[in-house]
Amino acid sequence: MSPSVDLTNVNGNGVAIPLLPEISRQRMEKAGIDLSNGYPQKPDRHIQQAPSGRDHSQPYIDAGSRADKEKSNLLSAAKEVIHLSKHIGTELTGLQLKDLSNQQRDELALLIAERGVVFFRDQDISPQQQHELAEYYGEPEVHPVAPHVPGVPSASVIWPDFQATECEASFRRPGGVSGWHTDLALGHDKRPAGISHLHNDAVPSIGGDTLWSSGYCAYEKLSPSFRKFIDGKKVIYRSAVAFIDSRNPAAGPTHVVREYPLVRTHPATGWRSLWVNRAMAERIVGLDKSESDLILNYLCDLYEKSVDIQVRFRWTPKTSALWDNRVTIHVASWDYEGSEPRHGTRATALAEQPYFDPKSPTRREALRLLGASEIRELEEQGIFSTS
Ligand SMILES: O=C(O)CCC(=O)C(=O)O
Ligand SMILES: [Fe+2]
């Protein structure tokens, strides 16, 4: 171990924990976060409880479904609206997230639902304000495993340098968030993640980009016959973490198993999206394992490898990205191993119980982006009518 390593900053395995970047420390201090007992704070494994114990008596109403479809309060207040690729990703300039009115927040939720991910650079936002926005958009998720900002359990700390002290980052074998995924709260929630908001205060001057892919478009890449085959199918998910059920603690830690739709309808846009997650999807219900593996693998490949339905974002310090986990997957590029630090905080709002509405259109159908031959193909299959 190098003599310059501060011994108070060594984890249980004797690995040096990196120092919080200065820009991040200043942000935490400005927000009144108590750093005196260390940073970040680890969740207490012993008090994990089965999420099935959550109160789901309140219906979920998506903020985007309340929005004015033109989104003029938000868009006219922005200095620029920059679409970063044709199908996914928009950057708004000249706005501070913390100052948005409720009307603008609703319109932002709709814009995120339509464009998949929306970016805001040069943000002055505290972890508490991230919590507050997540609360506006749903139920702020308290992650069962990820460390969080001291005193703000819903502000997960996304700090790969720190996480690497426990699970070494590898260029050849990237792990964790450097595999495509949605923020599913590890696959256990009855009402999984809607909008996630990652604020990266510190980023390397090069590297550490994040990519998102559009589930609306991945679905639309399938032939109409294949769409019919997967519509309405359910997928079994098993939680990555074992939980102690507060109603039956004697049973000990158990994994939560849930069925989610393979194609889901977004409540605000009403559009269909492929919804699959290689990390956590176990099996398509009703198919043999070998059939299910083949199809899940194909769908994930299509979603992960189609560059024309993706956006790759180059961060600058103090940038916020807000994405919709219902209609996108994302991946972080772990190409800055051992270089400058990257640190951020993420708040995620849990949304509705996923559903599939067989009457919902695809994005291209709704926006009338279809070419003549595609319309003919869909009409022949009885899926789409121009009349
Ligand atoms: O670090 C990133 O760019 C993405 C991390 C991530 O997957 C997340 O915050 O959900
Ligand atoms: Fe993520």
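Whatever order the structure lists ligands and atoms in, that order sets their numbers, starting from 1.
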Practice item. Could you please spell out the steps behind the side chain to side chain contact (heavy atoms under 4.5 Å, CB included) verdict for Leu222 and Phe229? Key: CA-CA 10 Å; Leu222 302 167; Phe229 174 72; over 6 Å; no

Practice item. Heavy-atom contacts with Ile158 under 4.0 Å: which atoms of ligand 1 show up? List them by number with element. Key: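 Under 4.0 Å from Ile158, ligand 1 has these atoms: 1 (O), 5 (C), 9 (O).
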
Review point. Taking atom 4 (C) of ligand 1 as the point of reference, which of Ile329, Leu198, Val331, Asn325 owns the nearest heavy atom?
Key: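 The nearest heavy atom belongs to Leu198.
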
Review point. Just going by heavy-atom distances, which of Arg342, His343, His197 is nearest to atom 2 (C) of ligand 1?
Key: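 Considering heavy atoms of Arg342, His343, His197, the nearest to atom 2 (C) of ligand 1 sits in Arg342.
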
Check your understanding: Within the structure, does His181 bring an N/O atom to less than 3.5 angstrom of an N/O atom in ligand 1?
Key ->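 Looking only at distances, the answer is yes, because the N/O contact criterion of under 3.5 Å is met.
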
**Study point:** ligand 1 to Asn200 polar contact by distance, N or O atoms, under 3.5 Å
**Key:**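 Checking ligand 1 against Asn200, no N or O pair falls under 3.5 Å apart.
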
Point to revise | salt bridge (Lys or Arg N to Asp or Glu O under 4.0 Å) partner of Asp124, the single match among Lys30, Lys318, Arg27 | key: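 Only one of Lys30, Lys318, Arg27 forms a salt bridge (Lys or Arg N to Asp or Glu O under 4.0 Å) with Asp124, namely Lys30.
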
Exercise for review: Of all N, O or S atoms in Asp183, identify the one at the shortest distance from the Fe ion (ligand 2).
Suggested key: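 That would be atom OD1.
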
**Study point:** Residues Asp34 and Ser36: side-chain donor-acceptor under 3.5 angstrom
**Key:**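 Short answer, yes.
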
Point to revise | Worked verdict on Trp159 versus His343 for ring pair (Phe, Tyr, Trp, His ring centres under 6.0 Å) | key: CA-CA 4 Å; Trp159 188 13; His343 171 278; 5.4 Å; yes

**Study point:** Short side-chain to backbone donor-acceptor contact, Gln128 and Val152, under 3.5 Å
**Key:**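 Checked: no pair found.
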
Review point. Looking at Thr90, Leu84, Leu322, which one forms a side chain to side chain contact (heavy atoms under 4.5 Å, CB included) with Phe119?
Key: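 Exactly one candidate clears the test, Leu84.
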
Point to revise | Contact check, Trp323 vs ligand 1, heavy-atom distance below 4.0 Å | key: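 Judged by the 4.0 Å heavy-atom criterion, Trp323 does count as contacting ligand 1.
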
